[in-house]
Number of protein chains: 2
Amino acid sequence: MPRSRVTLKDVAAASGVSTATASFVLNKVTTQTIAPATQERVRRAAADLGYVPQGSARALREGRSRLVLLNAGRLPVTGSLRSFITGLDTELSAHGHTLLVRHGATTGIPARTGEGALKQAVDIVDPRAVIDLVRLYADEDPDRLDGGWIDGLAAHTATQIDYLIGRGHSRIGFAMPADERLAGIARLRFQQACAVARGRGVAEPVGVTGEAVEMPAGVTAVAAFDDDVALRLLSVMADRGLRAPDDLAVIGFDDSGYGEMWRPALTTVRIDAAGYGRRAARAVLGFPLDAVAPDPSIVVVRTSA
Amino acid sequence: MPRSRVTLKDVAAASGVSTATASFVLNKVTTQTIAPATQERVRRAAADLGYVPQGSARALREGRSRLVLLNAGRLPVTGSLRSFITGLDTELSAHGHTLLVRHGATTGIPARTGEGALKQAVDIVDPRAVIDLVRLYADEDPDRLDGGWIDGLAAHTATQIDYLIGRGHSRIGFAMPADERLAGIARLRFQQACAVARGRGVAEPVGVTGEAVEMPAGVTAVAAFDDDVALRLLSVMADRGLRAPDDLAVIGFDDSGYGEMWRPALTTVRIDAAGYGRRAARAVLGFPLDAVAPDPSIVVVRTSA
DNA sequence: CGGCGCAGCTTAAACGATTTAGTGACTCGG
DNA sequence: CCGAGTCACTAAATCGTTTAAGCTGCGCCG
């Protein structure tokens, strides 16, 4: 019963042509003309038999597979990363490709076990492309296949800071993550925040850690690196009997989904991560990017700021 | 410079043997004896050239690749799933295999787009095995390659319920998730909770939804399906001015990492998910399971219960 | 009517690994 | 000195695709 896999040979035999012809038809090769009637026969046979090309054979022949590998390291897949992945996945599969994600202890430090594991995965699947979030976040990825995610960050940081300024805050703190691996991208965001403030004629934000709740004198609001940092800050504040937004306004970044469960509910910035995912897919496949523009980021106003 | 991939042929040529011999050496084939000196030469050459076998060629020949595919659907990868993946990954890579994860809109309902996408992924990579969490959680997976995760659930549910009973609660609620896709596994957990209570001579828990905070008369504690449900309940309680644990004790399940940021911090059950991951890896590879037993689950006592 | 061009196929050679079925060169017992 | 039995190794087939190159008739031009 479990008749083995249907191969191209089966399709060819069933439609009375050679495998070459069948391949030409099914791949819509333009360098070769095939009679319409023949095309029809082949397509029918393929459909009837339920033929699906074997990826490994194809990959062997073509030197690379139709897979795209996303290295997510140990990043939690919630909020925007989840959306990013979804966008990436839908756009890729619309073009016959498949997204697979590697999670694991990749350290970002070359020649550590994690790096080796990624390399191994790459060698095994011969992916069409690799999107390495770990290196991207460590700010050392030469070819950023992120669909403009990193580049878009400046505008989203502006969304965050502008909201605070618009609410009348003129002395702002910027809460950095504790995780070393995020240091690169955190520094970037901090610089962006400073630039925005300068542009608005407001004092540059002061960097603070998410844990320490003692704010430098005069700071009335904190923009957090992400929702995680914001939530951690909120909980430390609660321990000290401080409430947001009255004692200190707190705005997160990159709506993680957990902020809305908190009390006070976390005000945050929502980014069209799925849009960036779709763009990343196009970048990877070599398509023009201008066709898809992610929506601008918006502030999800809840209670904390 | 980008000299193309090092193949087995290169290794064979460099060590003056045929590809067959090289293959025998590198795969430690026992049906064939090779002179120690030759083995040494081949291994050196492979190392020097940086040879890595090409997965697609191997997969083509063997009919399946050395990949294991985990279908995570739209599940958030935090807490225990993250640990499960880590355990799976380390154990698999210790045996020359690689774990890749598919995220996406898989619906669990056959013949929907999601299912098709998974099938496509499977066809492309010819994985050694597929662990389908979506089907597993929908309770319709015939061959459960989960390392005993589902089977272990009964004991962990007991950990959760017993804690509440030990704290003197005799009328307990069980908070179910709103997500339809978790209905199967939620029902299972609820039944387990009932069984535990019966065994302890306590009234069976009443099922409640995570959102509704009105508890049936006399209920003093709630065991949640997972931390997410617990957190949601906690926030609804906060809105009504109710505090845990005094007004209602709440215990989560499957420590997600976000519970400790909440105030009151969420008491929950921590499961050795990494252990189950390692077992799942062994199950997939056909190794005996008894060698690895996951640690028993423990209660992480914080404040909410 | 010879030959050219073209539409519509097929043949066969890759791709890089694994593995079956040998093949020589030895040794050893009788 | 022959036959059998190891040992150490190789030749070649194979997996399923893609694709360059070749082949065959037919129509048409000069």
Side-chain angles (χ1 to χ4, degrees), chain A residues 3-43 45-46 49-67 96 120 122-126 128, chain B residues 3-43 45-46 49-67 96 122-128:
Chain A
R3 192 166 63 270
S4 66
R5 188 184 249 283
V6 176
T7 74
L8 189 59
K9 198 150 61 166
D10 300 328
V11 174
S15 42
V17 296
S18 69
T19 62
T21 305
S23 176
F24 289 141
V25 171
L26 297 176
N27 293 320
K28 309 196 210 318
V29 169
T30 55
T31 61
Q32 187 60 50
T33 61
I34 308 280
T38 310
Q39 295 200 24
E40 180 54 23
R41 280 207 326 278
V42 171
R43 262 189 263 277
L49 297 174
Y51 168 73
V52 281
Q54 182 161 340
S56 33
R58 179 177 268 173
L60 175 58
R61 179 66 229 250
E62 299 190 329
R64 55 157 69 149
S65 71
R66 302 196 182 183
L67 282 177
Q120 188 190 35
V122 168
D123 285 327
I124 290 193
V125 302
D126 279 314
R128 166 82 177 249
Chain B
R3 196 167 59 271
S4 65
R5 189 184 247 284
V6 176
T7 75
L8 188 59
K9 197 151 61 169
D10 299 329
V11 174
S15 42
V17 296
S18 69
T19 62
T21 304
S23 175
F24 288 142
V25 171
L26 298 176
N27 292 318
K28 309 196 209 324
V29 170
T30 55
T31 60
Q32 188 61 48
T33 59
I34 308 283
T38 310
Q39 295 201 26
E40 180 55 21
R41 279 208 325 278
V42 171
R43 261 190 266 276
L49 297 174
Y51 168 73
V52 281
Q54 183 162 340
S56 33
R58 182 180 263 171
L60 175 58
R61 177 66 230 246
E62 298 189 331
R64 54 155 71 146
S65 71
R66 300 195 184 185
L67 283 176
V122 168
D123 284 327
I124 290 192
V125 303
D126 278 314
R128 165 82 177 249

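Each chain gets a letter, A, B and so on, in the order the sequences are listed, and its residues count up from 1.
- Nucleotides of DNA chain C that come within less than 4.0 Å of any heavy atom of chain A span, from the 5' end to the 3' end, C/dA7 to C/dG16.
- Across all strands, B/Thr38 comes closer than 4.0 Å only to sugar-phosphate atoms, never to a base (heavy-atom distances).
- We find that CG of A/Leu26 is positioned 13 Å from P of D/dT19, with the value rounded to whole Å.
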For nucleotides 21-24 of chain D, print each protein N/O atom paired with a nucleotide N/O atom at under 3.5 Å, atom names and distance only.
none

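- Applying the salt bridge (Lys or Arg N to Asp or Glu O under 4.0 Å) test to every pair with at least one member in residues 53-65 of chain B, sequence neighbours left out, gives these pairs: B/Glu62-B/Arg66.
- Proximity of A/Leu60 to B/Gln54: side-chain heavy atoms (C-beta onward) are separated by under 4.5 Å at one or more points.
- The shortest distance between side-chain heavy atoms of B/Val122 and B/Pro127 falls below 4.5 Å.
- When the salt bridge (Lys or Arg N to Asp or Glu O under 4.0 Å) test is applied to A/Asp126, the partners found at least two apart in sequence or on another chain are B/Arg5.
- Comparing the helix axis at one end of the helix from C/dC1-D/dG30 to C/dG30-D/dC1 with that at the other, each defined from 5 consecutive pairs, gives an inter-axis angle of 70° (nearest 10°).
- Residues B/Val6 and B/Leu49 approach most closely at CG2-O, 3.4 Å, considering heavy atoms.
- Shown here for B/Leu26 and B/Tyr51, the closest heavy-atom pair between the two residues is CD1-CE2, 3.7 Å.
- Atom P of nucleotide D/dG16 and atom CG of B/Asp123 are separated by 14 Å, given to the nearest angstrom.
- Taking each heavy atom of A/Thr38 and A/Val17 in turn, the nearest pair found is CG2-CG1, 3.7 Å.
- The residue among B/Glu62 and B/Ala22 whose nearest nucleotide of DNA chain D is located toward the 5' end is B/Ala22.
- For A/Thr21, the side-chain hydrogen bond (donor to acceptor under 3.5 Å, both in side chains) partners two or more places apart in sequence, or in a different chain, are A/Ser18.
- When the side-chain hydrogen bond (donor to acceptor under 3.5 Å, both in side chains) test is applied to B/Ser23, the partners found at least two apart in sequence or on another chain are B/Asn27.
- When the P atom of D/dG16 is taken as reference, atom CZ of B/Arg61 falls 10 Å away, rounded to whole Å.
- Side chain of B/Ser65 to main chain of B/Ala59: no donor-acceptor pair is present (N/O by atom type, distance under 3.5 Å, no hydrogens or angles).
- Near DNA chain C, meaning a heavy atom under 4.0 Å from it, residues 12-20 of chain B has B/Ala20 in order of number.
- Using a 4.0 Å heavy-atom cutoff across all strands shown, B/Ser56 reaches no nucleic acid atom at all.
- Judged as a side chain to side chain contact (heavy atoms under 4.5 Å, CB included), and not counting sequence neighbours, the contacts of B/Thr7 are B/Lys9, B/Asp10.
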Distance-only donor-acceptor pairs under 3.5 Å for side chains of residues 28-35 of chain A, two or more places apart:
none

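- Considering only side-chain N and O atoms, B/Thr21 lies under 4.0 angstrom from the phosphate OP1 or OP2 of D/dT10.
- Between A/Lys9 and B/Gln39, the residue anchored nearer the 5' end of DNA chain D, judged by the nucleotide with its closest heavy atom, is B/Gln39.
- Distance from the side chain of B/Thr33 is smallest for D/dA8 among the nucleotides D/dT17, D/dC15, D/dA8.
- A/Val11 comes within 4.0 angstrom of nothing in the nucleic acid, heavy atoms only.
- Using a 4.0 Å heavy-atom criterion, one finds that B/Leu8 contacts the bases of the nucleic acid, with or without backbone contacts as well.
- Considering every non-hydrogen atom in both A/Ala22 and A/Val42, the closest pair reads CA-CG1, 4.0 Å.
- In this structure, A/Arg5 atom CZ and D/dG16 atom C1' are separated by 9 Å, rounded to whole Å.
- Contact of the B/Val25 side chain with the B/Arg41 side chain is not registered, since no non-hydrogen atoms from C-beta on lie closer than 4.5 Å.
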